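Notes follow the structure.
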Amino acid sequence: MSDDDKSVLRAPRGMRDFYPDEMAVQNAIFSAWQSAACRHGFLQYDACVVESLDLLKRKAGEEIEKQIYSFQDKSGRDLALRPEMTPTLARMIAAKQGALSFPLKWFAIAQCFRYERTTRGRKREHYQWNLDIVDEQSVSAEAEVIATAVSALSMLGIGSDDAAIHINSRALLADLLDGSGIPRKIHGAVFLALDKLGKLTDAEVSASLESAGLSKENVEAAFRIMRLETLDEARKLLGEETESYRELLSLFSMLSHYKIDAMARFDISVVRGLGYYTGIVFEAFDKAKRLRAIFGGGRYDNLLQDLGGKPMSGVGLGFGDVVIAELLSASGRLNGISPTRDLALGYMEEAQRPASMAAAEQFRRQGRSVDLALRNQKAKAFFSWANKSGFVEAAFIGPEEVLAGEVRVKTLEDRTERSVALPGC
RNA sequence: GCGGGCGUAGCUCAGUUGGUUAGAGCGUCAGGUUGUGGUCCUGAAUGUCGCGGGUUCGAAUCCCGUCGCUCGCCCCA
């Protein structure tokens, strides 16, 4: 086979196929997302995967723009595969802002595309669970969104031993920086430095801060802020209880009422890259912090007005399928997940096919999932196949069964059998 | 965009300082006589050794290029 022949057998770079075993895992994740969202009163929506490039560009920086899968349709329209769901959500809400009742709680499971180098935990295509609460000012929105995500994690077997939610507030950071006399213009540089703190040496970080325009005193102040470990320390540095501080305090209190405060912690280093976050931001990580963020999100204030809608404050959360699948796999929680195979039905001779079909139909009316053999086969071959395919039960119909009007249904795991009457033909 | 590692059977990999028809395990399929699976035994199929070029009497092995995969960095969902 030549190179060309082989490459046509592979999915394009960064894109994924889901064979049945992998699809079962994917379904388990989707179903956890879906039922957690429903339990928390979110309504599902969906939208087209293709968006107008113009809409996506409004929100994206130059760097992100290069990573958008864009193309022209045959009439020359500039279109793109959506890199995230939020612009679409904002568009849908802005278009019907007068007709919708707020605050609204919506969720979507959206396939998103990003043209970039693939790495561990990051493909060019992924599914992202999006939770949004729009037009609610209070931190109850943050609490609800976080609690919903935690609920999904717990359905997948991930608890406080495995993951932690790191919470911060951009507003609090801004207050702290203001209080230290660091000009607004260069707050962004400090946000960037926070992200680098573990990766670069302190000397390198302070050098980059200085080159961004911070004075020596500013850099020292920035380091005092970046070293904060608790909310209480932050309050002391602020010298007063700012609104941003009280919001965080209130959020932690709400999380404790949901009994998920064990998973939550204040973490000054969480800033999130996305430009549109304005208030509280959060990210969930595996305990060992070996993987990328499991989910992340925060409060945005300007999203709707940027699209020409009425200003509304919202909270959003994005939870991708790739990292959680890696975490589940690393912690051995995928072992039990495989395609559901209920009852296998086989028959010895072509003559038993009609009776087998009638029996299959009877079981199916009872709501069972029945895989009826497509051709007759030997008993040995049939049971061997049924066993390795992971069926719960198997039944084999030969002349004797048809004559007796009865078939033995065998439970494969313990080899016990029970008799079931065949329907009359 | 920058840097590291790796491409041999469906999968995991051996393959000695270049030397005959390239191997193992797992998996798959078929058999071990009469209609019941996980063990065991026997047998079988499958590779232009990623691709192209070069060096050589001779290349899976050495060199160059290329494509692909992968892991970091940058950035970010």
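Everything numeric here is computed off the predicted structure, so don't read it as measured data. By convention in this document, chain letters (A, B, ...) are assigned in the order of the sequence lines, proteins followed by strands, and residues within each chain are numbered from 1.
The shortest distance between the side-chain N/O atoms of A:Lys196 and the OP1/OP2 oxygens of B:rC73 is not below 4.0 Å. Contact annotation: A:Arg13 side-chain N/O to B:rC69 OP1/OP2 distance is under 4.0 Å. One finds a side-chain N or O of A:Lys378 lying less than 4.0 angstrom from the OP1 or OP2 phosphate oxygen of B:rG31. Proximity of A:Lys380 to the phosphate of B:rA30: no side-chain N or O atom is located under 4.0 Å from OP1 or OP2.
Atom CZ in A:Arg120 sits about 15 Å away from atom C1' in B:rC69, given to the nearest Å. For the pair A:Arg408 CZ and B:rU36 P, the interatomic distance rounds to 9 Å; values are reported in whole Å. Remark: P of B:rC75 and CZ of A:Phe191 are 16 Å apart, rounded to the nearest angstrom. At whole-Å resolution of the value, CD in A:Gln67 and C1' in B:rG1 are 11 Å apart. A:Glu116 has its CD atom 15 Å from the C1' atom of B:rC71, to the nearest Å. At whole-Å resolution of the value, CH2 in A:Trp385 and P in B:rU36 are 18 Å apart. Between the CD1 atom of A:Ile68 and the P atom of B:rC75 there is a distance of 19 Å, given to the nearest Å. Per the geometry, CG belonging to A:Leu291 stands 9 Å off P belonging to B:rG72, to the nearest Å.
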Next item on the list: Decide salt bridge (charged side-chain N to carboxylate O under 4.0 Å, His left out) for A:Arg16 and A:Glu22; before the verdict, give the C-alpha distance in whole Å, the side-chain angles of both, and the deciding distance to 0.1 Å.
Entry: CA-CA 10 Å; A:Arg16 297 173 296 164; A:Glu22 296 150 347; over 6 Å; no
Next item on the list: Kindly indicate, with the supporting measurements, whether the criterion side chain to side chain contact (heavy atoms under 4.5 Å, CB included) is fulfilled by A:Gln352 and A:Glu401.
Entry: CA-CA 9 Å; A:Gln352 287 92 53; A:Glu401 280 75 18; over 6 Å; no
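Heavy-atom nearest nucleotides on RNA chain B were determined for A:Gly14 and for A:His126, and the one closer to the 5' end corresponds to A:Gly14. Both A:Ala381 and A:Arg290 lie near RNA chain B, and the one whose nearest nucleotide falls closer to the 5' end is A:Ala381.
Base pairing of B:rG65: its partner is B:rC51, meeting the Watson-Crick or G-U wobble criterion (both donor-acceptor distances under 3.5 Å). With both pairing distances under 3.5 Å, B:rU12 is matched to B:rA24 as a Watson-Crick or G-U wobble pair. Remark: B:rA59 base-pairs with no nucleotide; criterion is Watson-Crick or G-U wobble with both hydrogen-bond distances under 3.5 Å. Checking B:rG1 for Watson-Crick or G-U wobble geometry (two distances, each under 3.5 Å) identifies B:rC73 as its partner. Judged by Watson-Crick or G-U wobble contacts below 3.5 Å, the nucleotide B:rC40 has B:rG32 as its partner.
Between A:Trp106 and A:Tyr45, the angle of the ring planes lies from 30° to 60°, which puts this pair in the tilted group. Ring-plane geometry between A:Tyr300 and A:Tyr276 is classed as perpendicular, the angle between the planes exceeding 60 degrees on a 0 to 90 degree scale with a lower cut at 30. Relative orientation of the A:Phe383 and A:Phe396 rings is tilted, given thresholds of 30° and 60° on the angle between their planes. Relative ring orientation between A:Trp33 and A:Phe30 is described as parallel, the plane-to-plane angle staying below 30° on a 0-90° scale split at 30° and 60°.
Looking at heavy-atom distances under 4.0 Å, A:Glu413 makes contact with a base.
Here the side chain of A:Glu400 is nearest to one of B:rC75, B:rG72, B:rG35, namely B:rG35. Taking the side chain of A:Phe396 as heavy atoms from C-beta on, and the options B:rC75, B:rG35, B:rC71, the nearest nucleotide is B:rG35. Distances from the side chain of A:Pro399 to the nucleotides B:rU28, B:rG35, B:rC73 place B:rG35 closest. Here the side chain of A:Arg292 is nearest to one of B:rC29, B:rC2, B:rC75, namely B:rC75. Closest to the side chain of A:Met348, from the set B:rG35, B:rC73, B:rU70, is B:rG35. Of the candidates B:rU28, B:rU36, B:rC75, B:rU36 carries the atom nearest the A:Phe383 side chain, counting heavy atoms from C-beta on. Comparing B:rU36, B:rC73, B:rU70 against the side chain of A:Thr118 picks out B:rU70 as the nearest.
Here the options are A:Arg368, A:Arg341, A:Lys410, the test is side chain to side chain donor-acceptor pair (under 3.5 Å), and the partner is A:Glu393; only A:Arg368 passes.
Here, B:rU46 and B:rG5 have their P atoms 37 Å apart, quoted to the whole Å. Distance check on atom P: B:rU16 versus B:rC6 gives 16 Å, rounded to whole Å. Using atom P as the reference point in both B:rA60 and B:rU66, the two lie 23 Å apart (nearest Å). Rounded to whole Å, the separation between the C1' atoms of B:rC26 and B:rC62 comes to 33 Å. B:rU42 and B:rG18 are spaced 38 Å apart, taking the C1' atom of each and rounding to whole Å. Taking atom P on both B:rU48 and B:rG1, the two are 31 Å apart, rounded to the nearest angstrom. Distance noted for atom C1' between B:rG23 and B:rA30: 23 Å (whole Å). B:rG3 and B:rU12 have their P atoms separated by 28 Å, with the value rounded to a whole Å.
Heavy-atom contacts from other residues, nucleotides or ligands closer than 6.0 Å to CZ of A:Arg39 number 12 or fewer.
Donor-acceptor pairing under 3.5 Å, judged by distance alone, is present between the side chain of A:Glu401 and the base of B:rG35.
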